[in-house]
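Inspection log for the structure reproduced underneath, given as structure tokens.
Numbering of ligands and ligand atoms starts at 1, following listing order.
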Amino acid sequence: LRRVIVIVGIPGVGKSTVVEKLIEIRKKDGKITRVANYGTVMLEEATRIFNVKSRDEMRKLPIDSQKKLQIDAAKKIESYHEDFIIVDTHLFISTKEGFWPGMPVDVLQALRPTNIVLLSADSDVVLRRRQSDATRERDPSTKRSIENERSAAITLLYASSLYCSCPALIVTNEEERSEEAARGILKALESSN
Ligand code: AMP
Ligand code: MG
């Protein structure tokens, strides 16, 4: 059974860390995982054509430029042929013009996910993680703005699930518990295969 698992979650929820744990766990079992970090795939092209210097600069580009990068990335990821693919991405991007969908219909059609997993964490945990991450240039946020992001994520999660007719799973990434979160995802996905 081929899996294309889209892992989403608002910035600071700890997606990349959980994805790393997940790769590690599978590796110990002798299993290979192909990961597509959507932002990284987009950044390669963004650097080349728009002279963008960091991943946090991309969402400041005009929407039509972001759309081009987004669809090019979908085409690239669409060509991955492995049996177990993780796409680390976002349900929406916080742009100057508002929340913009990270997985619009054309992207979902290209990726054809078999599962969508939303990583979740309490707003104060996310806020603290954002404040302590010096490697990123995040927009200032508050507990209230994070609550808004969380509800946008839930709405778009079910919209995406409906569109691609695949299950939507919500996994909590508690503090210092990213390995449990990774195990929770794998447990939910282990089936007859
Ligand atoms: P991340 O490293 O996960 O924080 O993602 C970095 C950046 O990549 C985001 O801020 C967006 O600008 C871009 N990005 C990631 N996934 C998508 C997507 N599905 N659609 C559009 N932009 C995306
Ligand atoms: Mg990330």
Q. S160 and I116: which non-hydrogen atoms are nearest, and at how many Å?
A. CB-CD1, 3.5 Å
Ignoring hydrogens and angles, write down the donor-acceptor pairs under 3.5 Å from the side chains of residues 18-27, residues two or more places apart or on other chains.
residue, atom, partner, partner atom, Å
R26, NE, T33, OG1, 2.7
R26, NH2, I32, O, 2.9

Q) Are I85 and R2 close enough that some pair of their side-chain heavy atoms sits under 4.5 Å apart? A) yes
Q.
If you define the side chain from C-beta out and look only at heavy atoms, does anything of V125 sit under 4.5 Å from R129?
A. yes
Q: Using a strict cut-off of less than 4.0 Å between a Lys/Arg side-chain nitrogen and an Asp/Glu carboxylate oxygen, indicate whether E147 and K143 qualify as a salt bridge.
A: no
Q | Contacts of F99 that satisfy ring pair (Phe, Tyr, Trp, His ring centres under 6.0 Å) - sequence neighbours left out | A | F92
Q) For the residue pair L91 and A153, what are the closest heavy atoms and their distance? A) CD1-O, 3.2 Å
Q: Taking only heavy atoms of the protein into account, state which residues are under 4.0 angstrom from an atom of ligand 1, in chain and number order.
A: K15, Y38, G39, M42, R55, M58, R59, Q70, T89, H90, I93, W100, G102, R136
Q: List nothing but the number: protein N/O/S atoms under 2.8 Å from the Mg ion (ligand 2).
A: 1
(Q) Measuring only between side-chain heavy atoms, which start at C-beta, is D139 closer than 4.5 Å to K60? (A) yes
(Q) Has S161 got a side-chain atom pairing as donor or acceptor with L157's backbone, closer than 3.5 angstrom? (A) no
